[in-house]
*Asks:* 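This structure is in structure tokens; I'll ask about it shortly.
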Amino acid sequence: MTRRFYVTTPIYYVNGAPHIGHAYTSVAADIVARFRRLAGDDVFFLTGTDEHGQKVEQAAATAGETPQAFTDSIAADFRAMADTMQISYNDFIRTTEPRHIAGAQALWEKVAESGDIYSGHYEGWYALRDEAFYGEDELTTRPDGTKVAPTGAPVEWVREPSYFFRLSKYQDRLLELYETQPDFIGPHGSRNEIVSFVRQGLRDLSISRTSFRWGVPVPGDEAHVMYVWFDALSNYLTALGYPDTSAPRMAWWPADLHLVGKDIARFHTVYWPAFLMAAGIPLPGKVFSNGWWTVEGEKMSKSLGNVIDPRDLVKEFGVDPVRFFLIREVPFGGDSDLSRRSFIHRLNTELANDLGNLAQRTLSLIARNCGGVLPDAGPHTPEDEQLLAPASLLPSVMEGQVARCALTDALEEVWKLIRACNAYIDHQAPWALKKTDPDRMAHVLRVLADALRIIATVLQPWMPESMAKMLTQLGTEEQERSFAALATPLPGGRSLPAPQGIFPRYTEEAK
RNA sequence: GGCGGCGUAGCUCAGCGGUAGAGCAGGGGAAUCAUAAUCCCUUGGUCGGCGGUUCAAAUCCGUCCGCCGCUACCA
């Protein structure tokens with residue numbers, strides 16, 4: 001029976017334009033989704049936008065638009081970015097859609113049924129700009145007597161009625177979850193932080209607001225709208241058709257993997273499982289958080305004006321090199337830097353030199369010396385085996401790595417094989433065999449073609465467009481590109497298209 | 001302050017009890033099928049400091065120094 005796999009990106013908050021950080025998380029999720037599809041799973045891949053909250057309401061007012069019109073245009077921009085990045089989502093949910101609003105309200109009611117929602121008052125120092133409450137001890141007093149948040153945002157004392165979620169009740173069950181399901185939170189460092197946070201003790205969570213209107217109305221009390229995280233987190237369920245348990249998509253629940261930025265790890269590893277526990281809904285399998293990008297060594301910020309729109313890079317270099325760089329440059333999970341120099345260096349050494357050139361030299365030798373058709377396989381020498389044996393294990397090795405979200409390690413695994421292929425071709429020297437032993441030459445080229453087929457197959461999730469081109473040049477049909485298809489060797493004699501370079505080299509023109 | 005992580009070759013990092021590793025960068029050589037790409041060899045580290053446990057420590061323990069993260073409602 002086909003395994004179902006459900007992976008999500010965060011729903012992105014529409015208070016600004018999409019940047020490289022959003023693209024990063026989405027590309028990572030996309031790689032997992034594509035990888036699981038190649039492995040034969042029935043994948044559901046969700047992305048979308050988080051569109052409620054006071055900040056959005058105000059930004060819309062400032063822009064002189066209705067909140068709906070405002071979010072429509074930014075949501076469209078996020079969707080366009082996802083499309084540019086070749087994100088293969090199955091659905092794009094917006095929290096302003098009726099299906100989501102109804103689902104979020106149903107989840108609220110379900111949690112309320114368990115007795116874990118009660119009404120009270122919330123009061124504290126509130127920073128409008130940050131949409132956040134702060135503790136007295138976090139504030140600093142300015143010379144003029146006004147208090148400001150650590151972020152520098154001015155705060156005011158507010159008191160408003162609020163519904164609360166009994167988060168405190170779930171402390172032990174959460175700790176037990178982290179204990180019994182050690183892979184629930186990744187990477188490791190993030191897990192430690194969450195565990196120690198929960199150990200400190202959990203306070204009940206204010207989950208509604210009366211101070212603004214742009215949100216999901218609380219069922220049965222229209223004076224309140226839901227706190228944005230109750231609303232937002234429920235998207236992972238509402239997109240599947242929740243609360244309609246007979247909806248076909250509900251078969252994908254519980255989610256296998258939520259990929260998130262490290263800033264929102266806590267919402268996904270503490271609040272979300274607690275909400276689900278309260279509602280009696282099974283928990284997701286894993287929440288993995290990724291780090292931040294800096295640009296040329298500096299923090300990305302609007303004031304520095306160094307915010308990178310991934311689409312600008314795609315325009316210049318193509319989508320696959322950007323996807324590749326984002327995942328390759330640093331172990332997935334940590335922070336990383338994007339500099340033009342390191343970017344171009346990566347593309348030149350690993351894509352153009354190592355991989356692109358390997359394909360090009362192999363394919364042009366075949367084109368020129370084998371009549372442009374895929375040679376038959378010959379008897380394997382020990383050297384051939386030494387190359388092909390580990391190559392055939394690649395998909396299963398990478399499967400383990402992808403399951404751990406070790407997306408960079410998985411790439412490194414492929415590059416070991418690519419380097420081995422370059423060494424192999426030099427040692428076998430098919431260009432010399434051409435005169436001394438043409439049969440062996442053909443067999444060597446076939447070994448390389450087989451290795452390249454594996455390489456291109458497993459790299460499809462990272463670089464779908466380029467690897468499709470490479471697989472076409474290697475003579476594979478559309479239906480021969482899954483992991484399962486690798487078990488069947490391609491028939492010799494198939495004619496191959498004329499080889500064409502896939503990854504160009506870049507030279508920075510001197511300025 | 002509390003909790004946690006990190007500090008290993010010029011750079012990015014892996015190793016986590018048994019004679020220091022990879023990639024890139026640097027140096028030398030080979031080859032010429034290929035996007036002047038590739039291959040081979042090679043320089044380079046008292047594994048942050050000090051102390052301890054052990055036959056044996058980057059690897060375990062203690063301590064010190066230096067970075068970084070978390071410490072509640074903020075993509």
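Since the structure is predicted, the reported quantities are computational estimates derived from the model, not experimental observations. Residue numbering restarts at 1 for every chain, and letters A, B, ... go by the order of the sequence lines.
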*Asks:* What about H19(A): does its side chain form a donor-acceptor pair under 3.5 Å with the base of A75(B)?
*Replies:*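 Yes.
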
*Asks:* By side-chain contact (heavy atoms from CB on, under 4.5 Å), which residues pair with P67(A), not counting sequence neighbours?
*Replies:*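 Per chain and number, P67(A) pairs via side-chain contact (heavy atoms from CB on, under 4.5 Å) with A60(A), W214(A).
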
*Asks:* Does A31(B) sit syn or anti, given that only angles within 90° of 0 count as syn?
*Replies:*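 That one's anti.
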
*Asks:* On a whole-Å scale, what distance lies between the P atoms belonging to G44(B) and G27(B)?
*Replies:*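 So the two P atoms sit 15 Å from each other.
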
*Asks:* Can you tell me the distance, in whole Å, between the CD atom of E350(A) and the C1' atom of C13(B)?
*Replies:*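 Checked: the CD to C1' distance equals 13 Å.
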
*Asks:* Would you classify I207(A) as touching base, sugar-phosphate or nothing, given that sugar-phosphate means primed atoms plus P, OP1 and OP2, and contacts are heavy atoms under 4.0 Å?
*Replies:*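 No contact at all - I207(A) keeps every heavy atom at 4.0 Å or more from the nucleic acid.
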
*Asks:* For nucleotides 9-11 of chain B, tabulate all protein N/O to nucleotide N/O atom pairs closer than 3.5 Å, reporting atom names and distance.
*Replies:*
none

*Asks:* Apply side chain to side chain donor-acceptor pair (under 3.5 Å) to D231(A) and list each qualifying residue two or more places apart in sequence or on a separate chain.
*Replies:*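 Scan of D231(A) (side chain to side chain donor-acceptor pair (under 3.5 Å), adjacent residues dropped) gives H52(A), H100(A).
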
*Asks:* Choosing from C3(B), U71(B), A75(B), which nucleotide comes nearest the side chain of W292(A)?
*Replies:*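 Within the option list, the nearest is A75(B).
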
*Asks:* D354(A) CG to G23(B) P: how many Å, rounded?
*Replies:*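 Taking CG of D354(A) and P of G23(B), I get 11 Å after rounding.
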
*Asks:* Would you classify H188(A) as touching base, sugar-phosphate or nothing, given that sugar-phosphate means primed atoms plus P, OP1 and OP2, and contacts are heavy atoms under 4.0 Å?
*Replies:*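 Nothing: the residue H188(A), judged by heavy atoms under 4.0 Å, touches no strand.
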
*Asks:* For G18(B) versus U54(B), give the span between their C1' atoms, rounded off to a whole number of Å.
*Replies:*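 It comes out at 12 Å once rounded to the nearest Å.
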
*Asks:* Name all residues meeting the side-chain contact (heavy atoms from CB on, under 4.5 Å) criterion together with H224(A); count only those two or more places apart in sequence or in a different chain, and write none if there are none.
*Replies:*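 Once residues adjacent in sequence are excluded, the partners of H224(A) under the side-chain contact (heavy atoms from CB on, under 4.5 Å) criterion are P161(A), Y163(A), S208(A), T210(A), V218(A), D221(A).
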
*Asks:* How far does the P atom of U38(B) sit from the matching atom of A25(B), given to the nearest Å?
*Replies:*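 To the nearest whole Å, 9 Å.
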
*Asks:* Could you list the residues that satisfy side chain to side chain donor-acceptor pair (under 3.5 Å) with N369(A), not counting sequence neighbours?
*Replies:*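 Partners of N369(A) by the side chain to side chain donor-acceptor pair (under 3.5 Å) criterion, ordered by chain and then number, come out as K434(A).
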
*Asks:* Could you state the atom-to-atom distance from CZ of R203(A) to C1' of U71(B) in whole Å?
*Replies:*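 From R203(A) CZ to U71(B) C1': 11 Å.
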
*Asks:* Y424(A): what forms a side chain to side chain donor-acceptor pair (under 3.5 Å) with it, not counting sequence neighbours?
*Replies:*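 Side chain to side chain donor-acceptor pair (under 3.5 Å) check on Y424(A) returns D384(A).
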
*Asks:* Using whole Å, report how far CG of D263(A) lies from P of C74(B).
*Replies:*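 These atoms are roughly 12 Å apart.
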
*Asks:* Out of U71(B), A75(B), G5(B), which has the shortest distance to the side chain of F197(A)?
*Replies:*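 Nucleotide nearest to F197(A)'s side chain: U71(B).
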
*Asks:* Between G10(B) and C70(B), how far is it from one C1' atom to the other, in whole Å?
*Replies:*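 Taking atom C1' in both G10(B) and C70(B), they lie 33 Å apart.
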
*Asks:* For T472(A), check side-chain contact (heavy atoms from CB on, under 4.5 Å) against everything at least two apart and list the hits.
*Replies:*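 side-chain contact (heavy atoms from CB on, under 4.5 Å) list for T472(A), sorted by chain: R481(A), P497(A).
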
*Asks:* Using whole Å, report how far CD1 of I194(A) lies from P of G5(B).
*Replies:*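 The answer, rounded to whole Å, is 15 Å.
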
*Asks:* Charged N to carboxylate O below 4.0 Å: is that the case for R94(A) and D72(A)?
*Replies:*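 Yes, this pair counts.
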
*Asks:* For U19(B) versus A57(B), give the span between their P atoms, rounded off to a whole number of Å.
*Replies:*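 12 Å, rounded to whole Å.
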
*Asks:* Any base atoms under 4.0 Å from I264(A), or only sugar-phosphate, or nothing? Heavy atoms, all strands.
*Replies:*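 Sugar-phosphate only.
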
*Asks:* Using Watson-Crick and G-U wobble pairs whose two distances are both under 3.5 Å, how do you write the pairing of RNA chain B as dot-bracket, with | for links to another strand?
*Replies:* ((((((((.[[[[.)..(..]]]].(((((.......))))).....[[[[[..)....]]]]])))))))....

*Asks:* Can you tell me which residue pairs pass the ring-ring contact (aromatic ring centres under 6.0 Å, His included) test with a partner in residues 427-448 of chain A, sequence neighbours excluded?
*Replies:*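 Found none.
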
*Asks:* Work out how far the C1' atom of U43(B) is from that of U32(B), and round it to whole angstrom.
*Replies:*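 To the nearest whole Å, 27 Å.
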
*Asks:* Hey, does I11(A) reach any base, or is it just sugar-phosphate, or nothing, if we go heavy atoms under 4.0 Å?
*Replies:*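 Answer is nothing: I11(A) stays at 4.0 Å or more from every strand.
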
*Asks:* Can you list every pair that meets salt bridge (charged side-chain N to carboxylate O under 4.0 Å, His left out) and has a residue in residues 416-432 of chain A, with sequence neighbours left out?
*Replies:*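 Sorted result for residues 416-432 of chain A: R361(A)-D426(A), E412(A)-R419(A), E413(A)-K416(A).
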
*Asks:* Taking the nucleotide of RNA chain B with the nearest heavy atom to each, does N192(A) or D204(A) sit closer to the 5' end?
*Replies:*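 Counting from the 5' end, the first nearest nucleotide belongs to N192(A).
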
*Asks:* One thing to verify: whether R346(A) and E329(A) come together as a salt bridge, which I'm taking to mean a side-chain N less than 4.0 angstrom from a carboxylate O.
*Replies:*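 Between R346(A) and E329(A) there is a salt bridge, with a charged N closer than 4.0 Å to a carboxylate O.
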
*Asks:* Whole Å only: how far is the CZ atom of F325(A) from the C1' atom of U12(B)?
*Replies:*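 Result: 11 Å.
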
*Asks:* How close or far is atom C1' of C70(B) from atom CZ of F267(A), stated in whole angstroms?
*Replies:*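 Whole-Å distance recorded here is 13 Å.
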
*Asks:* Could you give the distance separating C74(B) and G15(B) at their P atoms, to the nearest angstrom?
*Replies:*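 Taking atom P in both G15(B) and C74(B), they lie 36 Å apart.
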
*Asks:* Kindly state whether the ring of F267(A) and the ring of W272(A) have centres lying under 6.0 angstrom apart.
*Replies:*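 No, they do not, as the ring centres are separated by 6.0 Å or more.
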
*Asks:* Can any side-chain N or O of D204(A) pair as donor or acceptor with the backbone N or O of S168(A) at less than 3.5 Å?
*Replies:*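 At least one qualifying donor-acceptor pair exists.
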
*Asks:* Using a strict 4.0 Å threshold on nitrogen-to-oxygen distance, state whether R340(A) and E316(A) make a salt bridge.
*Replies:*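 Counted as a salt bridge, because a side-chain N and a carboxylate O are separated by less than 4.0 Å.
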
*Asks:* Can you tell me, in whole Å, how much space there is between the P of C50(B) and that of A14(B)?
*Replies:*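 The same atom, P, in both gives a distance of 24 Å.
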
*Asks:* Can you name the residues that form a side-chain contact (heavy atoms from CB on, under 4.5 Å) with A255(A), not counting sequence neighbours?
*Replies:*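 Per chain and number, A255(A) pairs via side-chain contact (heavy atoms from CB on, under 4.5 Å) with Y6(A), W253(A), H258(A), P284(A).
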
*Asks:* Can you pull every protein N or O that's under 3.5 Å from an N or O on nucleotides 30-35 of chain B?
*Replies:*
residue	atom	partner	partner atom	Å
C33(B)	O3'	R368(A)	NH1	3.4
C33(B)	O2	R361(A)	NE	3.2
C33(B)	N3	R361(A)	NE	3.4
C33(B)	N3	R361(A)	NH2	2.6
C33(B)	N4	R361(A)	NH2	3.0
A34(B)	OP1	R368(A)	NH1	3.2
A34(B)	OP1	R368(A)	NH2	3.3
A34(B)	O2'	N357(A)	OD1	2.6
A34(B)	N1	R361(A)	NH2	3.4
A34(B)	N3	N357(A)	ND2	3.2
A34(B)	N3	R361(A)	NE	3.2
U35(B)	O2	F503(A)	O	3.3
U35(B)	N3	F503(A)	O	2.5
U35(B)	O4	G356(A)	O	3.3
U35(B)	O4	I502(A)	N	3.4
U35(B)	O4	F503(A)	N	3.2
U35(B)	O4	F503(A)	O	3.4

*Asks:* Whole-Å distance between G2(B) C1' and E193(A) CD?
*Replies:*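 Checked: the CD to C1' distance equals 14 Å.
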
*Asks:* Are W229(A) and A75(B) close enough that a side-chain N or O sits under 4.0 Å from OP1 or OP2?
*Replies:*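 For W229(A), the contact criterion (side-chain N or O under 4.0 Å from OP1 or OP2 of A75(B)) is met.
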
